[in-house]
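Here's the structure, in structure tokens; my notes come after.
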Amino acid sequence: MSRERGRASTGIGPWLAGLCAVGAMDPVTAQAQVADPAGTATLAEVVVTARRIEENLQAVPMSVQAISGELLEATGTTRLLDLQFAVPGLVINTTGMFGAGFSLRGVADQRVAGLAVAPHLNGIYLGDASLAIARMFDLERIEVLKGPQGTLYGRNSTAGSMNLITRAPRDLYSADVEASYGSFDTMRTQGHVNVPAGGAAIRVAFIASEGDGYIRNTVDRRTFAEEDFWGLRASLRIDAGDDLRIDVMAQHIRDDGASGDLWTPRPDFLADPDDIRLTTVTLDNPYLISDTDNFNVNFQYDFGAASLRSLTGYARSDVRNLDDCAGMPVLIGCVRGASPSEYDQWSQEFQLVFPGRGPWQGIVGAYFADSDDFLHFHQFIPRLNAQTLNDHESSSEDTAAAVFGQATVRLAENWSLTGGLRLSWEEQRVHRIGTGVNDVPPVLSGEDDSDDVSWRLDLQRAVSDDVLLYGSVATGYKSGGFVTSTPGQDGPDRYEPENLTAYELGGKTQWLGRRLTLNAAAFYYDFTDMQVSTTVIGSGGVTVDVDNAASAELYGLDVEFHFQASERFLVSAAAVWLPQREFVDFDENSTGESLTGNELVRAPEWTATGAFHYELPLHDLGALSARLEYNYRSGYFYTPDNDPDISQDGFGLLNLFLRFEAASESWYLFASGRNLAGEDYFNQIFFQSSPGYPATYEVGAGYRF
């Protein structure tokens, strides 16, 4: 755990507690408990960088949810798929070898198109879904920004942005190690070492897990979807005087447990309809192995009136896959794979930040990125064709550039206005060569360029120190692209960029001496050229098409609540309600079917989470804490035609976390149970499905040096 005990870099002094106790953490956000001078527990200030500058979360005029690293570790959250249950409105699904899929407040990405939620690691944009789904460990926090973020975060942020922030080295000696054992013989260990050295500090963190799978096979004793992975990260911080700070981070993560693959048939073709975690795999050696690398160099120099920042990032993913894709009777005998799927990107961003020392504050910047994608894909479906349907190599190159700026001006004592603008340019080139039956023509190439103007306008009024009201209008766009598996008349089929204009009215309030936080926002989204993916199985094989729907609209409410009832008892809840989430005008190109009025994909009407947390001091022994949480989401469809066989029914997950913290803070014990009611649910349903975990448990211990 991150309640680090450390020694000052002078080597003199007592062991220090680094961060707040897990027992005081809000189960929904990064809210922590502190005591005011009168001794009453209150909710502490939460600092975020949602607008690229450090601000109190309650002063940011937009919907932002911050999830602390303490909460992630206390709940053993290492998979991105589990993060969705802590963020109302967020749906994350696995697409097997293609990585993660995101939907936020009903705005979803498509399997072959770009992401709708822009993922970042330490402020560096991750342009590939396999990078986005990599394992999480030793994080400071995760910030989830809801609504389009085209001004400061650029392309592919129509639904929002998510920034994973790793723990930086500190000027303290510290080290810890944690080990646990859980369901399916899963053993996990993680820890860190932090060493200061003069004006610098180094932090090394690791995590490793190994176990058996929870999906059983009907034809033999094999199991699938085991938790086998490891990760290693090294971070360096250099403080060169009072004005210059340099941060360097490198990490490698390997996941060979196939936790993201699609192992079971579609729900209506399961071997046993009452057992969603039973499959029939006849392939001798199915696998899904992913390796991801990240390397970041960030520096900041303070000139006094402004600060110059540079963010340089490199990221790489290598995915190798072979799977039994027989999810339907027509697909019996299906075998497909990627050998390999590779992605490389590097990016450079410069920011000039003007702090709010007068009547205004702002940021201007420039961004450049270049990425390369390579895929060797093969697919064989004997019931459709005795020959190999696909055996091709495809590559793409994407170059993006942007300039942007945003400023906040104080109009009067309690009023302020924020305006932002971003100009973006993008070039894409694709090439494919193949010998499969469906790889027609055998050689295919295409290129295109596009540009976009994104903007944002916020008006806010600070009614008091504890009440902020705001209204905003913001735009975002998702890049266009090519579908090389579906050729057009003059090359690969192209789909256009997607654009979204969002309107939001909200308030952020604190009451009862800041023991109660109540935030709420009403939002309306207006889409033009919304990207929609459809897949059809015909006599010639599998055909994928991406259309730009004429229009779609969403509106709803987003509410969160935190109440520190006493020094020991904390109550939290949050919910997103989407009463309207449908296509307004959409005729599907490949079939001509009208989908007007259908629900948007992966857009549940209700998503909600709630938690009770209680901490009991045990005199000189330490403290015992318990947190009971429940996460609910109503049903939703996975396809735009709203096929009931490819849909998820509503479900709720009940979790319990227990923890004993020794009075010395040098060691702790913990136990947890997830999905205690044994709910059946899926992380993906399409031609194949990926069932969620059944009821699981974990027990463990940790020691701080």
Side chains of [X] and [Y] in contact at under 4.5 Å (non-hydrogen atoms):
X: Val559; Y: Leu518; result: yes
X: Asp451; Y: Asp449; result: no
X: Arg51; Y: Pro61; result: yes
X: Leu384; Y: Val330; result: yes
X: Arg633; Y: Gln84; result: yes
X: Asp558; Y: Arg105; result: yes
X: Ile142; Y: Leu83; result: yes
X: Lys146; Y: Met162; result: no

Salt bridge between [X] and [Y], side-chain N to carboxylate O under 4.0 Å?
X: Asp398; Y: Arg429; value: no
X: Asp452; Y: Lys478; value: no
X: Arg494; Y: Glu447; value: no
X: Glu349; Y: Arg52; value: yes

- prompt: In this structure, are over 12 heavy atoms from other groups packed under 6.0 Å from Trp455 atom CH2?
  reply: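 Yes, CH2 of Trp455 has more than 12 neighbouring heavy atoms, counting only those of other groups under 6.0 Å.
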
- prompt: Does CD belonging to Glu397 count more than 12 external heavy atoms closer than 6.0 Å?
  reply: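 Yes, CD of Glu397 has more than 12 neighbouring heavy atoms, counting only those of other groups under 6.0 Å.
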
Polar contact flag, side-chain donor to acceptor under 3.5 angstrom, [X]-[Y]:
X: Thr77; Y: Asp82; result: no
X: Thr94; Y: Asn683; result: no
X: Asn163; Y: Glu143; result: no
X: Gln580; Y: Glu553; result: yes
X: Ser63; Y: Glu504; result: yes

message: Centroid separation under 6.0 Å, is that true for the rings of Tyr153 and Tyr125?
response: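 Judged by ring-centre distance (under 6.0 Å), Tyr125 and Tyr153 do not meet the cut-off.
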
- request: Kindly say whether the aromatic ring centers of Tyr525 and Phe523 come within a distance under 6.0 Å.
  value: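 Distance test on ring centres: under 6.0 Å, yes.
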
May I ask you to decide if [Y]'s main-chain N or O and [X]'s side chain share a donor-acceptor pair within less than 3.5 Å?
X: Asp458; Y: Tyr470; answer: no
X: Arg266; Y: Met328; answer: no
X: Ser454; Y: Gly476; answer: no
X: Glu560; Y: Ala573; answer: no
X: Arg602; Y: Phe102; answer: yes

task: Quickly, which of Thr75, Leu654, Leu653 forms a side chain to side chain contact (heavy atoms under 4.5 Å, CB included) with Arg674? Name it, please.
output: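 In the set Thr75, Leu654, Leu653, the residue that makes a side chain to side chain contact (heavy atoms under 4.5 Å, CB included) with Arg674 is Thr75.
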
